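What follows is a short report on a single structure.
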Amino acid sequence: MQVQRVVLNSRPGKDGTPVPENFRLEETTLAPELKDGEVLVRTLYLSVDPYMRCRMNEDTGAEYLTPWQLSECVDGGGVGVVESSRCPTCAEGDVVTSFNWPWQTHAVMAGSGLQKVDSQLVDGHLSYFLGAVGITGLTALLGIREKGYVTKGANQTMVISGAAGACGSIAGQIGRLDGCVRVVGICGSEDKCKALVEDLGFSAAINYRQEDVAARLKESCPAGIDVYFDNVGGAISDTVIAQMNNGGHVILCGQISQYNKDVPYPPPLSEETQENLQSKNITRERFMVLNYMSKVDAALFELSQWVKSAQIKVLETVVNGIENMGAAFCSMMKGGNIGKQIIKISA
């Protein structure tokens with residue numbers, strides 16, 4: 001069988017910014033015979049996510065992330081359908097997902113590494129298994145529950161940076177559902193601000209490219225900030241932390257503004273921000289969803305109920321075709337997406 005795949009063509013240059021030419025589309029052949037335990041899958045959807053920028057480096061800077069190898073097939077979150085199987089746990093027609101799905105139109109995979117999913121959980125929107133009812137939704141929900149200390153009736157204000165991205169757009173809605181009285185998003189365009197307030201029910205949205213973030217935070221968060229869901233790091237995070245209340249909580253989810261720089265993860269903070277955290281007794285601990293796998297099944301069920309009842313609205317930016325994987329990844333890293341960036345590989 002002839003299939004198309006995407007390999008890592010080169011690592012990012014000196015300035016660290018990824019370009020579509022870092023990826024290369026190739027034709028390859030799959031052996032027709034499956035071995036015991038293997039399945040042939042047809043890829044339906046693939047995901048591109050900020051953490052993948054770290055995998056483009058020879059050293060990812062994170063012990064739980066393996067680097068992509070030059071001239072080898074790239075992998076990440078994917079969902080597809082089983083076309084043939086020699087694995088007892090996977091039958092033809094099953095919808096399956098994996099964190100380590102090769103960027104190929106078809107692939108032979110070990111059935112033991114695939115998770116079977118029920119399309120009813122997402123009302124048939126199978127791409128949601130890569131976002132709202134997948135690792136992205138889990139990161140938002142468990143991040144808030146484990147590190148945010150949101151309490152109903154406590155009159156709390158939450159701020160989310162990268163708020164129109166895959167994780168931020170879900171996190172803000174969960175913050176509201178869990179009891180925050182004000183949820184304020186920071187993002188990079190007027191269209192995104194509009195989507196946050198009008199579609200997702202945020203209290204306010206701040207365009208960091210055009211507005212004075214500190215002044216708008218004061219205006220939007222009159223009682224200060226209690227919980228900060230941090231997806232971006234850098235100067236925006238310094239500005240938010242400066243306005244946080246005593247005993248506040250930072251959910252350290254991502255630092256996308258720093259990923260193209262040669263700095264450790266999480267990147268070092270300025271002295272002023274460290275002083276703010278200490279003097280106000282603000283918690284800021286790294287959050288990794290992989291540390292909470294025992295809570296995943298219940299959390300996915302809760303997310304699916306919210307999505308099906310439209311209490312959580314899902315935003316996606318969908319690009320068609322495996323040949324556009326590299327361009328979609330680079331666009332996402334520059335904030336070109338609203339909601340989850342998805343690549344549709346086949347119907």
Side-chain angles (χ1 to χ4, degrees), residues 47 49-50 122-125 127-128 130-134 136-137 139-141 143-144 148 150 152 155-232 236 239-240 243 251 253-254 256 302-319 328 331-332 334-342:
S47 169
D49 302 281
V122 291
D123 276 345
H125 296 284
S127 58
Y128 289 6
L130 299 177
V133 190
T136 311
T139 301
L141 178 59
I144 288 169
V150 172
K152 274 194 165 69
N155 211 30
Q156 289 165 302
T157 295
M158 178 187 283
V159 170
I160 300 99
S161 57
C167 193
S169 60
I170 302 291
Q173 295 178 82
I174 292 172
R176 195 189 68 233
L177 289 164
D178 272 6
C180 287
V181 295
R182 291 190 72 71
V183 174
V184 177
I186 302 173
C187 58
S189 77
E190 287 308 305
D191 283 349
K192 290 180 178 182
C193 286
K194 195 174 172 191
L196 292 180
V197 176
E198 294 182 8
D199 299 336
L200 306 186
F202 279 57
S203 313
I206 300 167
N207 180 349
Y208 73 88
R209 294 184 201 273
Q210 293 186 350
E211 299 184 275
D212 179 331
V213 175
R216 287 282 285 116
L217 281 172
K218 280 198 173 69
E219 185 185 301
S220 306
C221 309
I225 298 160
D226 303 293
V227 185
Y228 172 40
F229 199 102
D230 183 7
N231 286 305
V232 304
I236 285 174
T239 304
V240 175
Q243 294 193 32
I251 303 162
C253 178
I256 192 171
E302 188 170 5
L303 286 163
S304 89
Q305 296 304 106
W306 274 337
V307 169
K308 283 166 78 168
S309 63
Q311 288 176 278
I312 284 182
K313 294 195 174 80
V314 181
L315 301 180
E316 288 184 326
T317 299
V318 180
V319 166
S331 171
M332 178 273 307
K334 291 177 182 163
N337 54 304
I338 296 184
K340 178 77 180 177
Q341 178 72 65
I342 294 286

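The residues of the chain are indexed from 1 along the displayed sequence. Since the structure is predicted, the reported quantities are computational estimates derived from the model, not experimental observations. The basis for the numbers below is simple: all heavy atoms, side chains too, and nothing from hydrogens, waters or symmetry mates.
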Original post:
Is a donor on one side and an acceptor on the other found under 3.5 Å between the side chain of Thr317 and the backbone of Ile338?
Top reply: yes
Original post:
Considering all heavy atoms of both residues, which atom of Gly185 and which atom of Leu196 are nearest to each other, and what is their separation?
Top reply: CA-CD1, 4.2 Å
**OP:** Search all heavy atoms of Asn231 against all heavy atoms of Cys253 and return the closest pair with its distance.
**Re:** OD1-SG, 3.4 Å
Original post:
With sequence neighbours left out, what residues match Glu316 under side-chain hydrogen bond (donor to acceptor under 3.5 Å, both in side chains)?
Top reply: Ser127
**OP:** For residues Asp49 and Ser47, report the shortest heavy-atom separation together with the two atoms involved.
**Re:** OD2-OG, 2.6 Å
Subject >> Donor-acceptor contact below 3.5 Å, side chain Gln156 vs main chain Cys180 >> reply: no
Original post:
Taking the side chain as C-beta and beyond, is there a heavy-atom pair between Phe229 and Cys167 under 4.5 Å?
Top reply: yes
Considering only distance and modelled atom types, tabulate donor-acceptor pairs under 3.5 Å from the side chains of residues 198-206, sequence neighbours left out.
{"residue": "Ser203", "atom": "OG", "partner": "Val183", "partner atom": "N", "Å": "2.9"}
{"residue": "Ser203", "atom": "OG", "partner": "Val183", "partner atom": "O", "Å": "3.4"}

Subject >> Those residues that, when tested against Asp230, pass side chain to side chain contact (heavy atoms under 4.5 Å, CB included) (two or more places apart) >> reply: Ser161, Tyr228, Val232, Ser237, Val250, Leu252, Gln255
Subject >> Pairwise side-chain contact, Ile251 with Val227, heavy-atom cut-off 4.5 Å (strictly under) >> reply: yes
Subject >> Residues which pass salt bridge (Lys or Arg N to Asp or Glu O under 4.0 Å) with Arg176, listed by chain and number, not counting sequence neighbours >> reply: none
Original post:
Does atom NZ of Lys308 have more than 12 heavy-atom neighbours, drawn from other residues, nucleotides or ligands, at distances under 6.0 Å?
Top reply: yes
Subject >> Partner residues of Ala166 under the side chain to side chain contact (heavy atoms under 4.5 Å, CB included) criterion, sequence neighbours left out >> reply: Thr136, Lys340
Subject >> Minimal non-hydrogen separation, Gln305 against Ser309, with atom names >> reply: O-OG, 2.8 Å
Subject >> Gln210 side, atom CD; Cys193 side, atom SG - distance, nearest 0.5 Å >> reply: 8.5 Å
**OP:** Using the test side chain to side chain contact (heavy atoms under 4.5 Å, CB included), find all partners of Asp178 that sit at least two apart in sequence or belong to another chain.
**Re:** Ile144, Arg145, Val150, Ile174, Trp306
Subject >> Pairwise side-chain contact, Ile170 with Thr139, heavy-atom cut-off 4.5 Å (strictly under) >> reply: no
Original post:
Do any pairs count as a side-chain hydrogen bond (donor to acceptor under 3.5 Å, both in side chains) and have a residue in residues 188-197, sequence neighbours left out, and if so which ones?
Top reply: Glu190-Asn207
**OP:** For Glu219, enumerate each residue passing the side-chain hydrogen bond (donor to acceptor under 3.5 Å, both in side chains) test, keeping only those at least two apart in sequence or located in another chain.
**Re:** Arg216
Original post:
For Ile186 and Val240, what are the C-alpha separation, side-chain angles and deciding distance, and is it a side-chain contact (heavy atoms from CB on, under 4.5 Å)?
Top reply: CA-CA 10 Å; Ile186 302 173; Val240 175; 3.7 Å; yes
Original post:
Where the side chain of Gln243 meets the backbone of Ile225, is there a donor-acceptor pair that is under 3.5 Å apart?
Top reply: no
Subject >> Spatial distance of atom OG1 (Thr239) from atom NZ (Lys218) [nearest 0.5 Å] >> reply: 9.5 Å
**OP:** State which residues pass side chain to side chain contact (heavy atoms under 4.5 Å, CB included) with Ala223; sequence neighbours excluded, sorted by chain then number.
**Re:** none
